[in-house]
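Contents: one structure, followed by commentary.
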Amino acid sequence: MALTTVDEVKNMLRWGTAEVTKYEGQLDAYIAAASKRVEEDAGPFEARTVVHVCDGGDTILLPHAPNEVTLVQVTGDGGGEWVDGYFVPVDGWVTFDGTYKVNHSAGILYGPFPYGRQNVRVTFTVGMDTIPDDVQLAATMVAVDMWAIASQRAPSLDDQVDPSYLMPKVVRDLLAPYKRAQMPGFA
């Protein structure tokens with residue numbers, strides 16, 4: 001499920017029949033890129049399940065604020081090995097039988113969890129069942145803006161999405177109520 005539709009983007013672009021015939025096939029790529037960019041900026045809107053593998057310890061910081069934590073697992077006693085950058089436990093994952101608390105708004109699980117590297121797997125849900133109208137508008141505006149920028153470039157680049165895209169202020173303003181406080185980064 002995308003945050004906007006082809007019809008909404010075509011309507012905002014005010015395309016006639018000739019433009020629809022020529023360019024409509026390109027819009028799915030721009031809608032996917034716009035949806036991704038909006039969610040990168042303001043957090044997940046599409047309802048989905050996320051699996052997050054992390055280090056154990058007293059607390060776990062999830063990448064997104066969860067709607068619900070559905071499962072917490074830890075590695076078995078047999079340890080594991082790294083395969084292509086991923087930790088694969090030898091004994092598989094077992095359900096965590098300890099107690100924990102969830103701070104849903106901050107996305108923090110309070111344990112304690114067994115200490116270790118990449119030894120805890122948390123399954124949780126994020127997103128909304130219905131995408132708010134202002135988020136749909138923001139995604140539509142981003143898709144239109146990305147298409148307009150790309151259409152000004154050379155024809156061979158016409159169907160490529162610019163990875164260094166900067167979001168317009170009006171879109172950032174539409175998404176502002178949905179952004180959660182961001183932790184400062186480390187240099």
Side-chain angles (χ1 to χ4, degrees), residues 1-4 31-139 141-142 163-187:
M1 177 172 99
L3 299 180
T4 188
I31 289 170
S35 296
K36 181 179 177 188
R37 184 64 184 89
V38 165
E39 288 194 332
E40 285 173 356
D41 190 66
F45 292 101
E46 293 184 56
R48 61 183 172 270
T49 300
V50 177
V51 177
H52 177 64
V53 177
C54 54
D55 297 342
D58 292 331
T59 61
I60 293 174
L61 178 62
L62 298 175
H64 308 289
N67 295 340
E68 178 184 7
V69 174
T70 57
L71 182 63
V72 177
Q73 297 172 300
V74 295
T75 56
D77 293 333
E81 61 184 84
W82 292 90
V83 178
D84 296 326
Y86 294 97
F87 184 77
V88 179
V90 172
D91 294 338
W93 296 96
V94 295
T95 301
F96 178 64
D97 58 0
T99 59
Y100 61 90
K101 293 182 181 179
V102 181
N103 181 332
H104 292 289
S105 61
I108 299 175
L109 272 67
Y110 297 98
F113 301 96
Y115 283 85
R117 178 119 171 97
Q118 301 291 290
N119 65 323
V120 178
R121 181 164 71 177
V122 181
T123 304
F124 59 99
T125 59
V126 296
M128 304 173 177
D129 292 330
T130 304
I131 307 299
D133 291 339
D134 50 353
V135 173
Q136 289 180 9
L137 176 61
M141 293 172 80
V142 170
S164 63
Y165 176 76
L166 297 175
M167 208 174 286
K169 182 177 182 337
V170 66
V171 172
R172 290 191 317 254
D173 291 345
L174 285 169
L175 297 175
Y178 302 99
K179 291 179 89 168
R180 81 177 224 211
Q182 296 184 349
M183 300 288 287
F186 296 96

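Because the structure is a prediction, the values reported are computed rather than measured.
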> Is a donor on one side and an acceptor on the other found under 3.5 Å between the side chain of Asn67 and the backbone of Met128?
Replying inline: no
> Checking Arg172 side chain against Met167 main chain: does a donor-acceptor pair fall under 3.5 Å?
Replying inline: yes
Minimum heavy-atom distance [X]-[Y], with the two atoms named:
X: Ala65; Y: Val126; answer: O-CG1, 3.8 Å
X: Ala106; Y: Leu61; answer: O-CD1, 3.9 Å
X: Asn119; Y: Pro114; answer: ND2-O, 2.9 Å
X: Ala47; Y: Asp129; answer: CB-OD1, 4.2 Å

>> Run the side-chain contact (heavy atoms from CB on, under 4.5 Å) test on Thr123 and Val51 for me, step by step, so that the C-alpha distance in whole Å, both residues' side-chain angles and the decisive distance to 0.1 Å come before the verdict.
In response: CA-CA 4 Å; Thr123 304; Val51 177; 3.9 Å; yes
>> Whether the Asn103 and Ser105 side chains hold a donor-acceptor pair (N or O, under 3.5 Å, no angle test) is what I'd like checked.
In response: yes
> Do Tyr115 and Asp55 have side-chain N/O donor and acceptor atoms under 3.5 Å apart?
Replying inline: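 Side chains of Tyr115 and Asp55: no pair found under 3.5 Å.
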>> Apply side-chain contact (heavy atoms from CB on, under 4.5 Å) to residues Tyr100 and Ile60 and explain how you reach the verdict.
In response: CA-CA 10 Å; Tyr100 61 90; Ile60 293 174; over 6 Å; no
> Would you call the rings of Tyr178 and Phe45 parallel, tilted or perpendicular, where under 30° means parallel and over 60° means perpendicular?
Replying inline: perpendicular
Inter-residue atom distance [X].[atom1] - [Y].[atom2], 0.5 Å rounding:
X: His64; Y: Arg48; atom1: NE2; atom2: CZ; value: 6.5 Å
X: Lys169; Y: Leu174; atom1: NZ; atom2: CG; value: 10.0 Å
X: Ile31; Y: Thr4; atom1: CD1; atom2: OG1; value: 5.5 Å
X: His104; Y: Leu109; atom1: NE2; atom2: CG; value: 9.0 Å
X: Lys36; Y: Leu3; atom1: NZ; atom2: CG; value: 13.0 Å
X: Gln136; Y: Ser35; atom1: CD; atom2: OG; value: 10.0 Å

> Should Pro63 and His52 count as side-chain neighbours, where that means a heavy-atom distance under 4.5 Å?
Replying inline: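 Touching, per the 4.5 Å side-chain cut-off.
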> Does a side-chain heavy-atom distance below 4.5 Å link Val135 with Leu175?
Replying inline: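 In short, these two side chains touch, coming nearer than 4.5 Å.
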> Under the side-chain contact (heavy atoms from CB on, under 4.5 Å) criterion, do Val53 and Trp93 qualify, and how do the steps go?
Replying inline: CA-CA 11 Å; Val53 177; Trp93 296 96; 4.1 Å; yes
>> So, using side-chain hydrogen bond (donor to acceptor under 3.5 Å, both in side chains) as the criterion, who are the partners of Thr99 when residues are at least two apart?
In response: none
>> Determine whether Phe113 and Val72 satisfy the following criterion, side-chain contact (heavy atoms from CB on, under 4.5 Å), listing intermediate values before the conclusion.
In response: CA-CA 10 Å; Phe113 301 96; Val72 177; 4.0 Å; yes
